[in-house]
Trainee: 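Got a structure here, written out as structure tokens. Questions coming.
Along the sequence shown, residues are numbered consecutively beginning with 1.
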Amino acid sequence: MRRRFAPWAAAGVGLGLLLCAACESRPGNEAVPAPVAAAAKRSVLAELYADKSRYDPGEPVRLTLQLDNASGERLEDGRLLVQYRHLGRLVESKTFKKLKLDSGEARTLSWEWKPPQDDFAGYSVEAWMENKDGRTIDHRNAAVDVSSDWTRFPRYGYLSRFPKQDGKTTESNVESLSRYQINALQFYDWQFKHHAPLAGTPENPAAEWTDIGNRVTSGDTIRAYIDAAHKRGMAAMNYNLLYGAYDDYETDGSGVKKEWGLYAAPGGESQDSIPLPDGWATPKLDLFDPGNPDWQKHLLERERDAFAAYPFDGWHVDQLGFRGMMYTYEGKEIEPSAGFAPFLNRARSELGKTIVFNNVGTYGVSGTADAGTAFLYEEMWENSGQTTYNDLKKVLDEAAGLTEGKKATVLAAYMNYNYGNSFTDDNPGEFNEPGVLLTEATIFANGGSHIELGDDLRMLSNEYFPNRHLRMSDSLKSKLLSYYRFLVAYQNVLRDGQMPVDRKIAVEGAEVSADGRPGTVWAFSRAGGKFETLQLINLTGVQSDQWRDADASAKEPETRRDLAVKLYAGGKKIKRAFLASPDLEEGTGRPLAYETGRDSNGDYVAFAVPELRYWDMVALEYE
């Protein structure tokens, strides 16, 4: 048996702070500082964040640290160490010296960091504060994504309200989403009509119009949001349905013809449609054959008008899921999804924009995975078979298989759905934190991301994005901040082409499952390049495996400590191992001691996991 040691808690490293003129910047091999004592947490460092969600290679990163001395005593000669790490390895560090901060005093410190030139890389930025006695008293993490194309690691958010508003409100809303690393925004229901999205003309766009829900939309607000998004490294995506038109399409002068429609029966009389709520701009949306070239030509021309008027970066294309076999006006039976890929390819070619397509309940994904879409986007529904945590894993695994890991996947998965229906926009309830975090862990650990955050830091509980029946607690906001930064810091081992691998995994004293059964430690592996990750999701004490937590009844898992884990990895030679969790130290990765050996089940690597709350990741770098 070969034994390899690495300390879990390294000795503390000297820190410092004052002004940038009194700081040092150096590369080196500094260990991760000692953990902060629980009683000292959040005593001085209020927030650490970067100014953008995504940076191009070579672009400087502007970092801001907000200090607020809530320790109850004056800080004398404090030292702050800032470490920049990539997958646990130190890239560079900076020391700020001789900080003095009165009790209750607040201060902001800003500086620039120039990351390595590597494209598509995620970094953890870790700030550690020591007092004059050398004791670590506080710690904060941020994350930096250096990627020339946002679609490699999409972290999708949304906007759904566009009233006339002042610029400060617009900037504040976008900045708050940037803190959560959101790198693209879906402009949901921004358009005038689905078959005529632009109000006015490209040369003279309307100043205001009403959307499908009869809400007033301001063209100035749309443009201001796009500009604010671009300043923060976010893309702006124009939302519209692939095949819908208002009920007045034949009389409004748009030129749309019923001969292009989808029909529920032969004869050209029963055009397929979806009803809409009373008081909306149209009583229903009539549907059209996505494979009809005349319908394609019409909608692409109207989308081109919209792009000419507003500098959107792409088109987010929606659909309504499986609706059965349909007929053309002439009576030909068709399967509508057969027209999806040709339409999307044509859109990509003629518009020259990023194309994203919603595969509702995975409908049509096998045909559109290789179409002109930038990544896969799938909306999860129980009636399409997406009920359990393991169902989400299967969707993400299948998506990776369809593209051989070359395209990312975003899931639209609306939490606490039934519970949200018992509240209103004016009298909202709160999301259930354990349910949200377990689903977040499931999606992120399996290489996906989750569209859920938008507007003024709201979270989705419903497919109608303006719905505001539930809000996040301050506790949930804080924990999700760590989850999103973790997703960026470790994007190169979470969602950079990794694929599921079949491994036997044993945890002493705990029941292990490979399918996310309640009451177990759910354990599985993913691998790509030189890394393999073991993902541990804690379902101990959890009564249900249903990801939506529809009634907001999920309970927090029972924290497990000192787990002895064996991963049967086939005798590969290991260069190093580290453990990281968004639930521990804001995602700081710490070296992990391990042993290798062989037993009746084969070659293994063994290690101890100190604590498992919701989700831990062990990363093994192979020789």
Side-chain angles (χ1 to χ4, degrees), residues 42 45-55 61-68 106 108 110 125 127 140-145 150 153-188 190 218 221-237 313 410 415 425 428 430-431 433 436-437 440 444 449-461 465-489 582 586-587:
R42 300 298 163 261
L45 307 181
E47 175 64 301
L48 173 66
Y49 56 91
D51 62 331
K52 296 176 67 174
S53 304
R54 179 192 59 81
Y55 298 85
V61 175
R62 186 74 176 170
L63 291 154
T64 298
L65 179 65
Q66 294 177 347
L67 302 102
D68 188 357
T108 298
S110 295
V125 183
R140 276 289 195 181
N141 281 5
V144 170
D145 174 17
W150 72 274
F153 302 114
R155 299 178 298 278
Y156 219 175
Y158 71 92
L159 296 170
S160 70
R161 293 167 181 263
F162 311 100
K164 193 165 186 61
Q165 61 189 26
D166 62 78
K168 289 183 179 180
T169 299
T170 300
E171 291 285 344
S172 175
N173 289 346
V174 173
E175 181 187 14
S176 67
L177 294 171
S178 177
R179 300 272 183 100
Y180 285 77
Q181 310 293 146
I182 300 301
N183 63 4
L185 295 170
Q186 179 188 144
F187 283 57
Y188 180 88
W190 75 276
S218 164
T221 298
I222 297 291
R223 194 169 285 105
Y225 265 131
I226 295 173
D227 290 345
H230 288 164
K231 289 176 185 176
R232 298 281 177 181
M234 301 179 186
M237 297 294 288
D313 301 288
V410 174
M415 298 301 303
D425 286 6
E430 284 192 351
F431 283 97
E433 183 176 293
V436 171
L437 294 181
E440 212 75 355
F444 289 4
S449 62
H450 188 188
I451 182 168
E452 57 185 336
L453 300 178
D455 288 335
D456 49 343
L457 204 54
R458 298 287 174 152
M459 176 183 274
L460 294 174
S461 66
F465 286 15
N467 180 300
R468 300 162 78 95
H469 291 188
L470 297 177
R471 62 188 175 192
M472 291 188 287
S473 66
D474 289 342
S475 172
L476 180 56
K477 288 179 181 178
S478 176
K479 290 175 181 177
L480 280 181
L481 194 63
S482 289
Y483 272 65
Y484 273 85
R485 290 175 174 179
F486 188 89
L487 185 66
V488 170
E586 297 192 340

Trainee: When rounded to the nearest 0.5 angstrom, what distance separates OG in Ser475 from CG in Leu480?
Mentor: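 If I round to the nearest 0.5 Å, the distance is 9.5 Å.
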Trainee: A side-chain contact here means heavy atoms from C-beta on lying under 4.5 Å apart; do Leu481 and Gln181 qualify?
Mentor: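 When only atoms from C-beta onward are counted, Gln181 and Leu481 do not touch, as no gap falls below 4.5 Å.
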Trainee: Give the C-alpha distance, both sets of side-chain angles, the deciding distance and a yes or no for salt bridge (Lys or Arg N to Asp or Glu O under 4.0 Å) between Arg155 and Asp145.
Mentor: CA-CA 11 Å; Arg155 299 178 298 278; Asp145 174 17; 3.0 Å; yes
Trainee: Testing the basics here: between Pro163 and Ser218, what is the closest heavy-atom pair and its distance to 0.1 Å?
Mentor: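 Pro163 and Ser218 have their closest heavy atoms at C-CB, 3.9 Å.
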Trainee: I need the Met472 CE to Arg458 CZ distance, nearest 0.5 Å.
Mentor: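 So the CE of Met472 and the CZ of Arg458 are separated by 9.0 Å.
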Trainee: Are Phe431 and Ser473 close enough that some pair of their side-chain heavy atoms sits under 4.5 Å apart?
Mentor: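 Heavy-atom side-chain distance check fails, nothing below 4.5 Å.
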Trainee: So, Phe187 versus Tyr158, ring centres under 6.0 angstrom or not?
Mentor: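 They do not qualify: ring centres at least 6.0 Å apart.
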Trainee: Would you mind reporting whether Leu487 and Phe153 have side-chain heavy atoms less than 4.5 Å apart?
Mentor: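 They are not in contact (no side-chain heavy atoms under 4.5 Å apart), so the answer is no.
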Trainee: Between CG of Leu457 and CZ of Arg471, what distance do you get to the nearest 0.5 Å?
Mentor: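 Between atom CG of Leu457 and atom CZ of Arg471 there are 13.0 Å.
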Trainee: Assess the side chains of Tyr156 and Glu452: does a donor N or O sit below 3.5 Å from an acceptor N or O?
Mentor: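 Their side chains do not contain a donor-acceptor pair, so the 3.5 Å distance test is not met.
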Trainee: To the closest 0.5 Å, what do you measure between CG (Leu177) and CG (Leu453)?
Mentor: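 That separation rounds to 7.0 Å.
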Trainee: Can you name the closest pair of heavy atoms from Tyr180 and Lys477 and give their distance?
Mentor: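 That closest heavy-atom pairing would be OH-O, 2.8 Å.
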Trainee: Go through the steps for Arg485 and Glu47 under the test salt bridge (Lys or Arg N to Asp or Glu O under 4.0 Å), then give the verdict.
Mentor: CA-CA 13 Å; Arg485 290 175 174 179; Glu47 175 64 301; 3.3 Å; yes
Trainee: For side-chain contact (heavy atoms from CB on, under 4.5 Å), just list the numbers for Ile451 and Phe465, CA-CA rounded to whole Å, side-chain angles, deciding distance to a tenth of an Å, and then say yes or no.
Mentor: CA-CA 11 Å; Ile451 182 168; Phe465 286 15; 4.3 Å; yes
Trainee: Does the side chain of Trp150 come within less than 4.5 Å of Ser53's, by heavy atoms?
Mentor: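 Not touching, per the 4.5 Å side-chain cut-off.
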Trainee: Are Leu460 and Met415 packed together at the side-chain level, in the sense that at least one heavy-atom pair is separated by less than 4.5 angstrom?
Mentor: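 A side-chain contact is absent here, since even the closest heavy-atom pair is not under 4.5 Å.
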Trainee: For Glu430 and Leu470, which heavy atoms make the closest approach, and how far apart are they?
Mentor: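 Of all heavy-atom pairs spanning Glu430 and Leu470, the closest is N-CD2, 4.0 Å.
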Trainee: Are Arg140 and Asp68 within salt-bridge range, i.e. N to O under 4.0 Å?
Mentor: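 Looking at Arg140 and Asp68, the cut-off is not met.
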Trainee: Salt bridge between Asp456 and Arg468, side-chain N to carboxylate O under 4.0 Å?
Mentor: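 The answer is yes: the pair qualifies as a salt bridge.
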Trainee: For the backbone of Met234 and the side chain of Arg54, can you confirm whether one donor and one acceptor N or O come within less than 3.5 Å of each other?
Mentor: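 No, Arg54 side chain to Met234 backbone: no donor-acceptor pair under 3.5 Å.
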Trainee: What are the two closest non-hydrogen atoms of Pro582 and Ser482, and how far apart are they?
Mentor: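 What the structure gives for the nearest pair is O-CB, 3.4 Å.
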Trainee: Once rounded to the nearest 0.5 Å, what's the spacing between atom CG of Leu159 and atom CE of Met237?
Mentor: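 Here the rounded value is 13.0 Å.
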Trainee: How about Asp455 and Asn173: do any of their side-chain heavy atoms sit closer than 4.5 Å?
Mentor: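 No; the side chains remain at least 4.5 Å from each other.
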Trainee: To the closest 0.5 Å, what do you measure between CZ (Arg161) and OG1 (Thr169)?
Mentor: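 It is 13.5 Å, given to the nearest 0.5 Å.
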Trainee: Ignoring hydrogens, what is the shortest heavy-atom contact between Ser178 and Asp51? Give both atom names and the distance.
Mentor: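 Taking every non-hydrogen atom into account, OG-O, 4.1 Å.
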Trainee: Might you point out which heavy atoms bring Asn141 and Ala127 nearest each other, and give the distance in Å?
Mentor: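 Closest approach of Asn141 to Ala127, heavy atoms only: OD1-N, 4.4 Å.
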Trainee: Are Val410 and His450 side-chain neighbours, meaning at least one heavy-atom pair lies under 4.5 Å?
Mentor: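 A side-chain contact is absent here, since even the closest heavy-atom pair is not under 4.5 Å.
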Trainee: A side-chain contact here means heavy atoms from C-beta on lying under 4.5 Å apart; do Thr108 and Leu67 qualify?
Mentor: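 SC-SC contact between Thr108 and Leu67 ruled out.
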Trainee: Regarding Gln165 and Tyr225, is there a side-chain donor-to-acceptor distance under 3.5 Å anywhere?
Mentor: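 Gln165 vs Tyr225: donor-acceptor pair found between side chains.
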